[in-house]
Amino acid sequence: MKNILLALTIVGIIVISGIAYADVNPCEMIYIPAGSFLMGNIGNEPFSLPDEFPLHSVYMSAYYIGKYPVTRGEYRQFIEAGGYFNPSYWSADGWLQKEFRGWTQPLYWAAEQQWRTGWPFTQTDDHPVVGVSVYEAEAFCNWAGGHLPTEAQWEKAARGTGNPPNIYPWGDVWDAEKCNNLRDNNPAGGGYDAWCTSPVGSYPDGASPYGCMDMAGNVHEFCKDAYQYDYYSQTPVGGWIDPLATATGVPVVRGGSFLGSDLNTRCSCRGQSMYDRWYHYGFRLARQSDSPSDYVSISEAKKMPDESTVYVSGIVTLTQDTGYIYIEDENRISGIRIQTPNQDILPGDKVYAWGVVRTDANAERYLEKLVISTSGKGVVAPLCLTNKSLGGGAFGNVSEGKGQRGVTGGTGLNNIGLLVRTTGVCSFINEHKFRLNDGSGVVVLCETPPGITVSPAWQHVVVTGISSIQKNGDNYERLLKVRSIDYNIEMIDIPTGSFLMGNNGSESYSYPSELPQHSVYLSEYSISKYQITRGQYRAFMDAGGYTNPAYWSLDGWNWRLSANSFYPEVGPPRIQPSYWAARQSWGGGGVFSQTDDHPVVGVSYYEAEAFCNWAGGCLPTEAQWEKAARWTGSSPNVYPWGNVWDAEKCNNYYDHNPAGGGYFRFQTAPVGSYPAGISPYGCHDMAGNIWEWCKDWYSDSYYSESPTGGWVDPRGPESGSSRSHRGGYWYGDENDCRCAYRRYNDPDYSYYSLGFRLARKAR
């Protein structure tokens, strides 16, 4: 539905060629680009009238046309601004008619109406204005800085540039429910029983290819041309260029009305009016493009000198209440800020903007809006870039001409203005500022809008925002205007100190690889409170990390590009972990659904390692994992919660905890489903649910190699063929779930019982 608030406040007038115009266009406009289209009737339509032949080519310069018929609310602005009573907006004949007939407002101006055999109904400010003569329509258009559309402008906007052209705005098949006509029964739009106009935009499924609404049905619309029966037959060789029938006569009307049918709602159907004021006659506004040329790309616009007037188009990536939007090229090369108070524009809208190129104090190019219109929707998807890639080329001192990123005289074309996503470790500055280190060698300043508050507890974040720039003294620096912060992995800090690792032989099960128990000193570190979830891994994939070799080891990347004989549907190249589908059935269990709160499974060591690199950390070493799982500060627990096995405190073969899954369902549980089973440090699911990869190469004899006095920050053997994993899983028992129990697999192994958690160095 059209929002009348889109009509901006009239704050004055400007004078062009001796005519006073409103300085703001009160109607939402659609930009129609320059180019040819086929006008008339090819003979394939269900009804054909002689004045529609022959089909002929017409070249149209760029222009704007109202997205909707002019509404009562918009016409009310014209009256209240004094335009209806000002002869400068009227033609001589029109003013003569107005004065002679004593018009003070359109006919049928009262809100309450009943037309012909219909029921009483109420016209709102969102209904099209009716009961206007062509003179009253012309006067409004003059006041609004435009004109009535020509027949050619109207028809191109209605049917597009297809070959053959559309019969109706939406296509070639009549559908009575896509417009307000005699046959439709759409209660939102009016229809046969109501016998009345409908609020503009009530039939969005009937929009034209350019996004114009109500070009079939609702009201007949006046055009600028005088009707001429045989005008099409006079088409010159090669077709018309911006045609306008100049013969004297009555005005053309187009589009059908609420009294129409499949005949007169056709885009090619031509009608005529005898200057009458009818309840089914209205109009829409058109405006010629004032562009000295056709559109330029945003990249080209940003190269132009300040005060250049340009037309650009793009997809909206960001809107702000502070009076600006960002758009970017559909080819994702460049973006630009547009200063506009129009808050009806939303992310994803395709916009056309005419404005003046300027440069702000921070050297960012922007467009001061003069005219802006929307047409349809595009795709908003951030580009995944490293901090080092933001902004384009090298940043530097102002006197060296660097860092201006597209400003005339600067160096290089920029990606400032693009919607981007980057990730890294967060360093708190204040509640709306932080710095982000993604490991690329560049730390970027991030600023959040009022709705997003920065927390000192944030560690690693994924940030989506607009690539920008700011001046810092004599230098320029990259700036990210934050749009959203997708996630933050909750971490547990593990303090510096020694603990006892391994098995002293007192446990109910003991294996040689767990012996002897030995002292290990670990520096402070942090470990994720929960196993990494599917939602967190999805963020890694959505950010482009899974397909970016920068986060993978060489062996891991080569593995990703290799064939997967066990799970062939994920490669080559692999595009996701094994068992990624939400619906699964494992072992002897029934079908169940994995949510974003379930642990990610089916990840090889390489896939887990890549995520950790992207997330600013690493896989925990065996020692880090075991201390977080069992250390109480005096002696190691056998299980995270203590020394006595309790099947109900973790997801395992024998538990019957319905919150966590258990024996009957043979499945993983959402992380944190067993709070009674947490470790002394507060880590969840360190027994059961899934096995967890560790960073170490595996060796049965590694503990026996412990030096006198114990290990200090051990990292496992220097080489090997298998990697360690810990913790048991949903099919495990009291043996598997012991904190000291050690397992291993080849790093390319992936299974539905194997996942991981994240570790980081202390900040």
Side-chain angles (χ1 to χ4, degrees), residues 1-3 5-8 25 27-33 62 64-68 201 204 207 209-213 291 295-302 310-358 360 364-385 390 406 414-421 447-452 463-469 479-484 486:
M1 184 64 60
K2 186 176 185 299
N3 187 342
L5 293 178
L6 187 66
L8 304 176
N25 190 332
C27 303
E28 186 173 357
M29 306 293 282
I30 296 288
Y31 177 81
I32 311 297
Y64 291 89
I65 194 167
K67 184 174 183 178
Y68 309 94
Y210 289 108
C212 297
M213 301 287 182
S291 174
Y295 277 103
V296 299
S297 68
I298 293 173
S299 301
E300 291 300 315
K302 288 166 75 172
V310 298
Y311 283 82
V312 297
S313 67
I315 304 299
V316 178
T317 56
L318 180 69
T319 59
Q320 291 286 359
D321 292 336
T322 49
Y324 66 83
I325 65 173
Y326 273 92
I327 68 171
E328 62 180 44
D329 288 323
E330 291 186 77
N331 58 10
R332 316 303 304 279
I333 291 176
S334 194
I336 195 167
R337 185 176 85 235
I338 299 178
Q339 299 298 130
T340 174
N342 188 343
Q343 292 306 306
D344 282 351
I345 298 173
L346 300 173
D349 284 348
K350 184 173 183 179
V351 301
Y352 303 87
W354 171 49
V356 178
V357 178
R358 295 200 170 107
D360 68 15
E364 183 178 346
R365 308 310 303 279
Y366 69 98
L367 199 64
E368 192 73 47
K369 184 270 303 185
L370 297 179
V371 176
I372 194 165
S373 66
T374 63
S375 175
K377 284 283 187 180
V379 176
V380 182
L383 287 174
C384 299
L385 298 177
L390 297 180
N414 67 79
N415 57 38
I416 290 171
L418 289 184
L419 181 67
V420 301
R421 178 176 286 159
E447 287 185 346
T448 67
I452 301 177
V463 180
T464 299
I466 300 295
S467 172
S468 188
I469 185 175
L479 174 68
L480 194 60
K481 294 181 178 179
V482 176
R483 176 179 172 184
S484 65
D486 292 333

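As the structure is a prediction and not an experimental result, all values here were calculated from the model.
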(message) So does D360 get a backbone contact from the side chain of R365, meaning a donor-acceptor N/O pair under 3.5 Å?
(response)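 No, the answer is negative, given that no donor and acceptor are paired below the 3.5 Å cut-off.
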
(request) Check for a donor-acceptor pair, side chain of D349 on one end and backbone N or O of V316 on the other, with a separation under 3.5 Å. (result)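 Not a single qualifying donor-acceptor pair exists.
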
(message) Given the ring of Y366, does R337 sit roughly above its face, with NZ or CZ under 6.0 Å from the centre of the six-membered ring and within 45° of the axis?
(response)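 Yes, R337 sits over the ring of Y366.
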
(message) Just so I know, are the side chains of V420 and P382 near enough to count as touching, which here means a heavy-atom distance under 4.5 Å?
(response)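 Result no, sub-4.5 Å side-chain heavy-atom pair not found.
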
Distance (rounded to the nearest 0.5 Å) between [X] [atom1] and [Y] [atom2]:
| X | Y | atom1 | atom2 | value |
| --- | --- | --- | --- | --- |
| I327 | L418 | CD1 | CG | 11.0 Å |
| I325 | L346 | CD1 | CG | 10.0 Å |
| D329 | I315 | CG | CD1 | 10.0 Å |
| S467 | L479 | OG | CG | 8.5 Å |
| Y326 | I298 | OH | CD1 | 12.0 Å |
| L480 | I466 | CG | CD1 | 8.5 Å |

Which heavy atom in [X] sits nearest to a heavy atom in [Y], and how many Å separate them?
| X | Y | value |
| --- | --- | --- |
| I30 | Y210 | CG2-O, 3.5 Å |
| I65 | C212 | CG2-SG, 3.8 Å |
| Y31 | A62 | OH-CB, 3.0 Å |
| M213 | A207 | SD-CB, 3.8 Å |
| P347 | R483 | CB-NH2, 4.0 Å |
| A301 | V310 | CB-CG2, 4.1 Å |

(request) Run the salt-bridge test on K481 and E447 with the 4.0 Å N-O cut-off and return the result as yes or no. (result)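 No, K481 and E447 are not salt-bridged.
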
(request) Apply side-chain hydrogen bond (donor to acceptor under 3.5 Å, both in side chains) to T464 and R421, showing your working. (result) CA-CA 4 Å; T464 299; R421 178 176 286 159; 3.1 Å; yes

